[in-house]
Amino acid sequence: MSEPKRTSHVGSQQCHSLPSPSSHHFSPTPSPKPSSITSSLQARNSSNNHLIQTLSKQGLTKHALHLLSTEPRPTQRTYELLILSCSRNNSLSDAAAVHRSLVDDGLGQDSFLATKLIDMYAQLGSIDNARYVFDEMRDRTIFVWNAFIRALALAGCGDEALGVCCRMSESGVWFDRFTYTYALKACVVSGERKGKEIHGNLLRRGFEWNVHVVTTLIDVYAKFGLVSYAGKLFDEMPERNVVSWSAMIGCLAKNGRPFEALELFWEMMVGNPDEVPNSVTMVSVLQACAALSALGQGKLIHCFVLRRGLDSIVSVNNSLVTMYSKCGNLEVARRVFDRMDKRDVVSWNSMISGFGVNGFAEEAILVFKEMINDGKVSPNAITFISLLGACSHSGLVDEGKRLFYSMVPEYHIYPTSEHYAGLVDILGRAGRLEEAIKVIEDMRIEPGSTVWGSLLGACRIHCNIELAERASVRLFELEPTNAGNYVLLAEIYAEAKMWVEVNRVKKLLEARGLQKVSGCSWIEVKGKIYSFVSVDELNPQIEQLHALLVKFSVEMKEKGYVPDTKAILYELDEVEKEEIVLGHSEKLAVAFGLINSSAGETIRITKNLRLCRDCHSVTKFISQFTNRDILVRDVNRFHHFRNGVCSCGDYW
DNA sequence: GTAGGGTTAG
């Protein structure tokens, strides 16, 4: 079918003045139009416009575009619908054709359509074309300014977005509530200082009363980790709704304050019956349950999800899979996963990593194979990070290597530093340190802190001081304020009884104003969460817990147990060292679980750091001696203790 | 005519 001829309604000069925006999609060539319009044709025009609009609404952009070329007077509404259709169909070439035709029809200065075009290009990820539309506009309404600032913030061009905000002010256009929300989003990229500036600015203009603006501000502070700023705003909000509650709950859940996230959720439920939590609230609350391994709370939330009919929402189901996995309840995680009608890449990744952290690498790989066979969803970078982690936890060296080296040829996914870190971890844990360092030396990208961190972790397991020092030099450069790296190196020296070096690292830590993160464990008993720190003198039951642990210790020693105190960073008497390891938070939590639960009940504990070797062997013993299943989730993975054996096979 | 909060890894 040949294209009908059209003549441009605007002068050719204007068309030629269009520079080609950096992408090749937008061509400045004017499109041909009919030179004369007969009255009979005009009669058909209104129905033509109507037809184009109908086709656009149905997403039939190509057909609509074809008809557009025969239409001498397309209306603003026709173009609006065409633009929406291009956004929906994700077609940049159609978008450029619509844009070109719109300019040809003399609508290039229509501010309404300019706003829509900017939105469309932003959605299609073509910020250069959005910038072109904006630059071409002579009279910019606030809608045009806002659309462009929003487009820039969405594209991660924070500084440019804030620059445009300045130009907007300078040209005498005042920020409105929309400008503030977009400018605040731009600050997520541009930094805390800018965010605080905008905050000051909006206070002077009285926008602290706008629920959208303040909610955005809470979220921005959450993303900077400034929980107290977010909390203050939330507390002082004149009006709250489900979105502001969810933003604050999410802020706490993501910033290491899951306990408070749950408290706030219950405050919302109990104190504010008008605010009904929705799927987004559920996702954040489930994240908090997962962080705490709070299975009881998680089950309550699951019931709520079912009652409210939120169980068909993919993100909610994904969060349920993660929550059950992180509570060590893989059977239910798998059941939720199997019952899902729709699964996205996050669903598959959640199930794969669930099996992985629980030490079931074979199952994780099976799920990955199912994903490939299913064919509806392609794996992404995170899929492989999860798979490599699974292999590492289970010691599947060859399978891990095979997966790593299949990434590019089979799935076109290029390994990032995190993937290399996964491979280094697999090799390092297995004691293949030379091979691990070879991988680092041959990396095509600059090794990041995760890579050196994996190597240092492996050196800790295999007591390799030389390589540990090499990794530390790089780590201290890359992450000067990460106390964990200094502690790890000090522990390696302590194990080798190199006390001069231990003290040197401790002084370095002190000089940089850093502190060792203290160990903390917690346990959920009858829906309540109890937390313990090492040598927890303030705990009301401490004497009872200590007595029980001493009793175990005596019995264990009779069976040949020798406390492992090698990682203690102080040169103390062996008796004093034993006292310290016996007071580790994880042991206190186990003792508390034994005293406060009935026989046969599984004890579930979570720890903020890696489980120490002594706690590991003591927990194995206790599981046998008391005939209890003990589940400990440390910062890296799960340990299922049963009959004196741990699921990690002492490989962690 | 434009708006705010969410899931996987590390």
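Basis for what follows: all heavy atoms, side chains included, without hydrogens, waters or symmetry-related copies. Convention: sequence-line order gives letters A, B, ...; per-chain numbering from 1.
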Enquirer: Quick one: A:Phe207 CZ to B:dT2 C1', roughly how many Å, whole number?
Expert: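 Nearest whole value for this atom pair: 14 Å.
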Enquirer: Heavy atoms only, 4.0 Å cut-off, all strands: where does A:Phe384 land among base, sugar-phosphate and nothing?
Expert: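 Answer is nothing: A:Phe384 stays at 4.0 Å or more from every strand.
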Enquirer: Grab the two heavy atoms, one from A:Ala430 and one from A:Val397, that are nearest each other, plus how far apart they are.
Expert: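 Answer, listing the atom of A:Ala430 first, then A:Val397: CB-CG2, 3.6 Å.
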Enquirer: Whole angstroms only, please: what is the CG-C1' distance between A:Leu117 and B:dG1?
Expert: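 Taking CG of A:Leu117 and C1' of B:dG1, I get 14 Å after rounding.
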Enquirer: State, to 0.1 Å, how close A:Asp634 and A:Leu609 come at their nearest heavy-atom pair, and which atoms those are.
Expert: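 Looking at all heavy atoms of both residues, the closest pair is CB-O, 3.3 Å.
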Enquirer: Select base, sugar-phosphate, or nothing to describe what A:Gln287 touches, counting heavy atoms under 4.0 Å on all strands.
Expert: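 Sugar-phosphate, backbone atoms only, no base.
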Enquirer: Given B:dA3, B:dG5, B:dG1, which nucleotide is nearest the side-chain atoms of A:Ser111?
Expert: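 Nearest to the side-chain atoms of A:Ser111, counting from C-beta on, is B:dG1.
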Enquirer: Classify the nucleic acid contact of A:Val242 as base, sugar-phosphate or nothing, counting any heavy atom under 4.0 Å across all strands shown.
Expert: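 Base: the residue A:Val242, judged by heavy atoms under 4.0 Å, touches a nucleobase.
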Enquirer: Ring-plane angle category for A:Tyr411 and A:Phe384, please: parallel below 30°, perpendicular beyond 60°, tilted otherwise.
Expert: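 Answer is tilted, since the angle falls between 30° and 60°.
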Enquirer: If you measure from the Lys or Arg side-chain nitrogens to the Asp or Glu carboxylate oxygens, is any gap between A:Arg77 and A:Glu80 under 4.0 Å?
Expert: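 Looking at A:Arg77 and A:Glu80, the cut-off is met.
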Enquirer: Nearest whole angstrom, please: distance from the C1' of B:dG4 to the CZ of A:Arg177.
Expert: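 Going from A:Arg177 (CZ) to B:dG4 (C1'), I get 12 Å.
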Enquirer: Nearest to the side chain of A:Ser353, which nucleotide is it out of B:dT2, B:dA9, B:dG4?
Expert: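 The nucleotide sitting nearest to the side chain is B:dA9.
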Enquirer: With respect to the side chain of A:Ser386, which nucleotide from B:dA9, B:dT8, B:dG10 is positioned closest?
Expert: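 The listed nucleotide nearest to A:Ser386's side chain is B:dA9.
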Enquirer: Rounding to a whole Å, what distance do you find between A:Tyr221:OH and B:dG4:P?
Expert: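 Roughly 19 Å, once rounded to whole Å.
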Enquirer: With a 4.0 Å cut-off on heavy atoms, is A:Thr281 in touch with a base, just the backbone sugar-phosphate, or nothing at all?
Expert: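 If one applies the 4.0 Å heavy-atom cut-off, A:Thr281 turns out to touch a base.
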Enquirer: When only distance counts, do a donor and an acceptor, one from the side chain of A:Ser246 and one from the base of B:dG5, lie under 3.5 Å apart?
Expert: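 Yes.
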Enquirer: Test for a donor-acceptor pair under 3.5 Å between the base of B:dG1 and the side chain of A:Thr115, counting only N and O atoms.
Expert: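 In this structure, the two groups form a donor-acceptor pair.
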Enquirer: Verify the stacking flag for A:Phe143 against B:dG1: centroid separation must be under 5.5 angstrom and the ring planes must differ by under 30 degrees.
Expert: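 Aromatic stack with B:dG1 present for A:Phe143.
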Enquirer: With the side chain counted from C-beta on, respond yes when A:Ile301 and A:Cys289 share a heavy-atom pair under 4.5 Å apart, and no when they do not.
Expert: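 They are in side-chain contact.
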Enquirer: The side chain of A:Glu418 is closest to which nucleotide in this list: B:dG10, B:dG4, B:dT7?
Expert: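 Minimum distance to the A:Glu418 side chain belongs to B:dG10.
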Enquirer: Taking 4.0 Å as the cut-off, does a side-chain nitrogen or oxygen of A:Lys223 come that near to OP1 or OP2 on B:dG4?
Expert: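 It does not, given that no N or O in the side chain of A:Lys223 lies less than 4.0 Å from OP1 or OP2 of B:dG4.
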Enquirer: Report yes if a side-chain nitrogen or oxygen of A:Lys254 is closer than 4.0 Å to either non-bridging phosphate oxygen (OP1 or OP2) of B:dT7; otherwise report no.
Expert: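 True: A:Lys254 side-chain N/O within range (under 4.0 Å) of B:dT7 OP1/OP2.
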Enquirer: Does A:Asn241 reach a base, just sugar-phosphate, or nothing at all? Heavy atoms under 4.0 Å.
Expert: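 Base contact - A:Asn241 has a heavy atom under 4.0 Å of at least one base atom.
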Enquirer: Looking at every strand, decide which applies to A:Asn317 at a 4.0 Å heavy-atom threshold: base, sugar-phosphate, or nothing.
Expert: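 Here A:Asn317 touches no strand at all.
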Enquirer: Quickly work out the A:Met371 CE to B:dT8 P distance and round it to whole Å.
Expert: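 Result: 16 Å.
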Enquirer: Atom CG of A:Asn278 and atom C1' of B:dG4: how far apart are they, to the nearest Å?
Expert: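 After rounding, the gap between these two atoms is 12 Å.
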Enquirer: Just wondering, do A:His212 and B:dA3 stack (centres under 5.5 Å, planes under 30°)?
Expert: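 A:His212 vs B:dA3: stacking yes.
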Enquirer: For a quick check of understanding: with a heavy-atom distance under 4.0 Å over all strands, which category does A:Asn146 fall into, base, sugar-phosphate or nothing?
Expert: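 Base, at least one base atom sits under 4.0 Å.
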Enquirer: In this structure, how many angstroms lie between the P atom of B:dA9 and the CG atom of A:Asn636, rounded?
Expert: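 It is 12 Å, rounded to the nearest whole Å.
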Enquirer: Please report the closest heavy-atom contact between A:Ser417 and A:Glu446, naming both atoms and the distance.
Expert: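 Heavy-atom minimum between the residues: OG-O, 3.8 Å.
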Enquirer: Can you check the A:Ile313 CD1 to B:dG5 P distance for me, whole Å?
Expert: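 After rounding, the reported distance stands at 17 Å.
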Enquirer: Give the nucleotide from the list B:dA3, B:dG4, B:dG5 with an atom nearest to the side chain of A:Ala247.
Expert: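 Looking only at side-chain atoms, A:Ala247 lies closest to B:dG5.
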Enquirer: Let's see if you can work this out: which of B:dG10, B:dT8, B:dG1 has an atom nearest to the side-chain heavy atoms of A:Thr322?
Expert: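 The answer is B:dT8.
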Enquirer: Which nucleotide in the set B:dA3, B:dG4, B:dG5 lies at the smallest distance from any side-chain heavy atom of A:Arg150?
Expert: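 Ranking B:dA3, B:dG4, B:dG5 by closest atom to the A:Arg150 side chain puts B:dA3 first.
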Enquirer: Cation-pi between A:Arg240 and A:Phe234: NZ/CZ under 6.0 Å from ring centre and within 45° of the ring axis?
Expert: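 Geometry flag: set, cation within 6.0 Å and 45°.
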Enquirer: Can you identify which nucleotide, out of B:dT8, B:dG1, B:dG4, has its nearest atom closest to the A:Val211 side chain?
Expert: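 Of the options given, the side chain of A:Val211 lies nearest B:dG4.
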Enquirer: B:dG4 base to A:Asn210 side chain: any donor-acceptor pair below 3.5 Å?
Expert: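 Absent.
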